**Student:** 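Handing you this structure, nothing more for now.
Throughout, protein chains are lettered first and strands after them, A, B, ... in sequence-line order, and every chain is numbered starting at 1. Given the structure is predicted, the values throughout are model-derived calculations rather than measurements.
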Protein chains: 2
Amino acid sequence: MSARRPFIRAGEETRRAALIEATLDLIAEGGPQAATVRAIALRAGVTPGLIRHYFATKEELIAAAHETLMTGLTDASAAALDSLPDDPLGRLAGFVTNAVSPPVTDPRSVALWAASMQLVPRDPVMRAVHEATYLGFRDRLEAMIADALRAADRPATEARALAIAGNALLDGLWIEAGALPDHFADGELKSIAIKAFSHLLELKLPEV
Amino acid sequence: MSARRPFIRAGEETRRAALIEATLDLIAEGGPQAATVRAIALRAGVTPGLIRHYFATKEELIAAAHETLMTGLTDASAAALDSLPDDPLGRLAGFVTNAVSPPVTDPRSVALWAASMQLVPRDPVMRAVHEATYLGFRDRLEAMIADALRAADRPATEARALAIAGNALLDGLWIEAGALPDHFADGELKSIAIKAFSHLLELKLPEV
DNA sequence: CGCTAAATTATACACTTGCATAATTACTCG
DNA sequence: CGAGTAATTATGCAAGTGTATAATTTAGCG
């Protein structure tokens, strides 16, 4: 008779992390409808029943996956900041360049972002998370813009409006890079972003 | 015995439009997973079987709905163009303003766009529709930018790059307006967009 | 080395999904 | 006014869904 599948006891943290990672992978590859209980379990190297042992319901697992995704994204964008040059113009240029280059422009990230974006209008929790991460990114950009303006002896009164516009510009480029990767030559988006920011701020940003 | 449900023959165009509208409503309200064959039929006032009579597969209906949505969006921003002044600067300013004002910035539209965006990376049909509508909008913008530059006796060589950046800017503002409607004062986005375009093109666009 | 508790697998069930096909009805045209 | 045709409804089905529950295995502990 067929032997029962052997297994090892991995413990709560390991298994929860594996299940969440499998969920995110599946959503990125095939959308939310691809993240079925069975597919998640298969990818996590586990049987479907175990999911219920760690998450009372599938919805709970999805929520946990979203939280992991969002905190991961903000952490990644915060980590890249430290390796930027010290002068305000260089820092801003590096920040802008990073935002439209790999690994930030990664199909997986864009797909996951689109999936969560879809929940924002009707899920208050998702809305709060989105708001926090959006404002976090924009505030950082605003600070850099203000620094760059002051370094050129210019008033920073318009920094907020410029940050909103600049953030929108980066978002739009990032999305299109993820949606239609073949439409732009290598480095084209980077160059466009730097030139656009130079025009926006009336400052000459260096191309990295 | 229960009588068979009475009906009227509505014809192809009417029924296709009703089915597409029902599909978009459902996706906007509850995401793609809410747009089941039965729910769509119910909302369209029809039995599920009829869907198959007009669309070979559900995927085909979804694609048609996406196309309707996207052409509707681009048409909406182009609609008011006829009533705008003839001068290139005024036309461009009107175009930009429309793109970040109601009814274009409508939570429903943004939710629908996010839903379809999620399918673009892996569905070739969706991808083609997205590509076509994206390029359609961008090309219109590029033509207006070129006109505005030439009217100021400036070369239009950078029109493509400027159109890519301008399109990204409008997309980003549009998304945030739909996702976080309470975050921006009335007319704030409009003003930001006009100022940003003025800086981008080094031209003074009139606020409408 | 055996016992026990928790981790994991296995099985089953009720429900929903998209789709196929047959039966009926409403409208058009002679 | 009567027949034919296409639009529409009705029914059924096989596959997939989330979840509940029972059976079994692993690993730590005395």
**Student:** Return a single string for nucleotides 3-12 of chain C, one symbol per nucleotide in 5' to 3' order, where B is base contact, S is sugar-phosphate-only contact and - is none, cutoff 4.0 angstrom on heavy atoms.
**Tutor:** --BBSBBB-B
**Student:** Which atom pairs, donor and acceptor, lie under 3.5 Å between side-chain atoms of residues 65-73 of chain B and protein residues at least two apart or in another chain?
**Tutor:**
from: B:His66; atom 1: NE2; to: B:Ser116; atom 2: OG; distance (Å): 3.1
from: B:Thr68; atom 1: OG1; to: B:Ala64; atom 2: O; distance (Å): 3.1
from: B:Thr71; atom 1: OG1; to: B:Glu67; atom 2: O; distance (Å): 3.0
from: B:Thr71; atom 1: OG1; to: B:Thr68; atom 2: O; distance (Å): 3.2

**Student:** Main chain of A:Ala56, side chain of A:Arg52: is a donor-acceptor contact present, judged purely on distance under 3.5 Å?
**Tutor:**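 It does hold such a pair.
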**Student:** Is it the case that atom CD in B:Glu59 sees more than 12 heavy atoms from other parts of the structure closer than 6.0 Å?
**Tutor:**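 No, not enclosed.
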**Student:** Is any side-chain heavy atom of A:Leu61 less than 4.5 Å from a side-chain heavy atom of A:Tyr54?
**Tutor:**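 No, their side chains stay 4.5 Å or more apart.
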**Student:** How close or far is atom C1' of C:dA23 from atom CZ of B:Arg52, stated in whole angstroms?
**Tutor:**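 My rounded result for the distance is 17 Å.
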**Student:** Measure the shortest side-chain to side-chain distance between B:Thr47 and B:Phe7 over non-hydrogen atoms and say whether it is less than 4.5 angstrom.
**Tutor:**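 Heavy-atom side-chain distance check fails, nothing below 4.5 Å.
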**Student:** Output all residues satisfying ring-ring contact (aromatic ring centres under 6.0 Å, His included) with A:Phe95, sequence neighbours left out; order by chain, then residue number.
**Tutor:**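 A:Phe95 satisfies ring-ring contact (aromatic ring centres under 6.0 Å, His included) with A:Phe137 only.
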**Student:** Could you give the CG-to-C1' distance, from B:Leu19 to D:dA7, as a whole number of Å?
**Tutor:**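 Roughly 13 Å, once rounded to whole Å.
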**Student:** Think A:Thr57 has a side-chain N or O under 4.0 angstrom from the OP1 or OP2 of D:dG18?
**Tutor:**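 Result: no.
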**Student:** Find the distance B:Ile40:CD1 to D:dT9:P and express it as a whole number of Å.
**Tutor:**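 It works out to 15 Å between those atoms.
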**Student:** Which whole-number value in Å describes the distance from B:Glu59 CD to C:dT17 P?
**Tutor:**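 Going from CD in B:Glu59 over to P in C:dT17 covers 18 Å.
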**Student:** So what does B:Val37 touch, heavy atoms closer than 4.0 Å: a base, only the sugar-phosphate, or nothing?
**Tutor:**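 Sugar-phosphate: the residue B:Val37, judged by heavy atoms under 4.0 Å, touches backbone atoms but no base.
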**Student:** Between C:dG18 atom C1' and B:Gln33 atom CD, what is the distance in whole Å?
**Tutor:**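 Value for this atom pair: 16 Å.
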